[in-house]
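Heads up: the structure comes next, in structure tokens.
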Number of protein chains: 2
Amino acid sequence: MTDSATTPPSPAEPPASARDHILECALKLFAASGPDAVTVRDIAACAHVSPALILHHYGSKQGLRDATDEHVAGIFDAVLDMPIDAVTQDTTVSMIGVLLAATPADSPIPTYLRRLILSGDPAGRKLIRQWFELTRRYVDDATVAGAMEPSTDPDVRAAFLMANDLSMILLQDHLADVLGDDPLSPKGLERWVADAMDAYTSGVFRKETP
Amino acid sequence: MTDSATTPPSPAEPPASARDHILECALKLFAASGPDAVTVRDIAACAHVSPALILHHYGSKQGLRDATDEHVAGIFDAVLDMPIDAVTQDTTVSMIGVLLAATPADSPIPTYLRRLILSGDPAGRKLIRQWFELTRRYVDDATVAGAMEPSTDPDVRAAFLMANDLSMILLQDHLADVLGDDPLSPKGLERWVADAMDAYTSGVFRKETP
DNA sequence: TACTGTACTGAACAAGCGTTCAGTTTGCGG
DNA sequence: CCGCAAACTGAACGCTTGTTCAGTACAGTA
């Protein structure tokens, strides 16, 4: 319930309090192994504090999980609030490019996002809803603007594009395995986007086989 | 190490031994909540046996997990071994339709498959590799046959199609949430396949905006 | 200096976990 | 019938887990 307004007014850089450090470690460890596999003692060791301090600050392990979810969702919200124009132009086909550009290369946030989406809890559902609504609006706008072929089922079309986007996060490791390039790395992203754009503009299947 | 050959020769229907019943329950519970969240006692209660019997038959909880993985992978292999012609024709765009047709409607297998793929363990990686290889071969065949537009990066194209397929399993709940139809139900599948085929043949984006 | 609230710790607790084991029941060949 | 291996159980063990709690260190205030 205490938000960042309770912290003393530090102008540019937060003083990296133990509380923030704990959340940072939790984010990293949760992303790497999943919250269930990470113990409070693991996080305490990572943050160089006692396990009791974590409970002191966040009430319970679940409280820390919730705080981490909120933190990531907040970052994601900030990315989603970018003007939609930035999404449509350049090689940035999708939300993924924007998200990757907004987070450092070794950030655990994409990985954590994957877990959040697949965990089935409301935070992930809300996140997907926002993502879908944004894509849905984009489909309408682009269709009206003549940049997109009209679809008889725009909801499915938006979900189709979103799912395609998401699969890069969800299947990152597997795609890296079969393609040889991490699809979320600059090189891998370029390969992926190039072929995806080609598929989306030139089509994949021929209408009939002459 | 003891395979099904050790069971007595029952002609049509396996006698549903306690051992099989345990695996069946494990499959259901693992799919529903994830192996980490399911205790040996949970599985024992589901199968109406003592926890000790599970360890007697499978050695350890990990042994049961491995056995369940193998069982699901075996079913999946049987689906993948279907002739590729069956995949290309009709509304069955993809592996998903074949898989769904091969399993009962309320089967926990698709859900378990999702967990297997995302768990990061070798069983899931092997499975994805097979899936990819099949799709990769399909891309070549369909391109030679003139049914598919040639791609400059066929590996990515195959991964792209596979990922699109997989996203229906991975995002099943979320897609059902935003679309109102479970994409793995007959109705939802029809909606999805119709729009996906449209996108794949007519394209999504226009080449230029006149 | 004395007071107070917050950050923080070490040690312990209760509960739940996977696993073990001695022992009982069951089924089957001799 | 006996004997023996396999199926199966109840009760416990050791360990890890999240959590609690009494107490310490330290800042800010009067």
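Chain naming here is simple, since letters A, B, ... match the order of the sequence lines and numbering starts at 1 in each.
- In this entry the distance linking OH of A:Tyr58 with P of C:dC8 reads 11 Å, nearest Å.
- Heavy-atom nearest nucleotides on DNA chain D were determined for A:Ala37 and for A:Gly59, and the one closer to the 5' end corresponds to A:Ala37.
- For the pair A:Pro35 and A:Phe30, the tightest heavy-atom approach, listed with the atom from each and the gap, is CA-CD2, 3.5 Å.
- Of the candidate nucleotides C:dG18, D:dT9, C:dA7, D:dT9 has the atom nearest to the side chain of B:Leu53.
- When each of D:dT17, C:dG18, D:dT9 is scored by its nearest atom to the side-chain atoms of B:Ser50, the top-ranked nucleotide is D:dT9.
- B:Arg41 contributes no side-chain N or O that forms a donor-acceptor pair with the base of C:dG16 under 3.5 Å.
- The CZ atom of B:Arg65 sits 11 Å away from the P atom of C:dG18 (whole-angstrom rounding).
- Distances were taken from every side-chain heavy atom of B:Ala52 (C-beta onward) to each of C:dG18, C:dT20, D:dT20; the shortest belongs to C:dT20.
- Rounded to a whole Å, the CD1 atom of B:Ile54 is 9 Å from the P atom of C:dG18.
- Closest contact between the side chain of B:His57 and the listed nucleotides D:dC8, C:dC17, D:dG18 involves D:dC8.
- When distances run from any side-chain atom of B:Val49 to the nucleotides D:dT9, C:dA7, C:dG18, the shortest one goes to D:dT9.
- Straight-line distance from the CD atom of A:Gln62 to the C1' atom of D:dT17: 15 Å, rounded to whole Å.
- Put simply, the side chain of B:Ser185 never gets that close to the backbone of B:Asp181: no donor and acceptor are under 3.5 Å apart.
- Between the C1' atom of C:dG18 and the CD1 atom of B:Ile43 lies a distance of 11 Å, rounded to the nearest Å.
- Environment of NE2 in B:His71: sparse, with no more than 12 heavy atoms of neighbouring residues, nucleotides or ligands closer than 6.0 Å.
- What you find for B:Pro51 and B:Arg41 is that their closest heavy atoms are CG-CG, 3.9 Å.
- When rounded to the nearest whole Å, the span between NE2 of A:His21 and P of C:dC8 equals 12 Å.
- Between the side chain of A:Thr201 and the main chain of A:Met197, a donor-acceptor pair closer than 3.5 Å is present.
- Comparing D:dC8, D:dT9, C:dC8 by their nearest atom to the side chain of B:Ala18 picks out D:dC8.
- Whole-Å rounding puts the A:Ile22 CD1 to D:dG18 P distance at 14 Å.
- For the pair B:His56 and D:dC8, the criterion of a side-chain N or O lying under 4.0 Å from OP1 or OP2 is not met.
- A straight line from NZ of A:Lys61 to P of D:dG18 spans 4 Å, rounded to a whole angstrom.
- Out of C:dC17, C:dT19, D:dG18, the shortest distance to the side chain of B:Ser60 is found at C:dT19.
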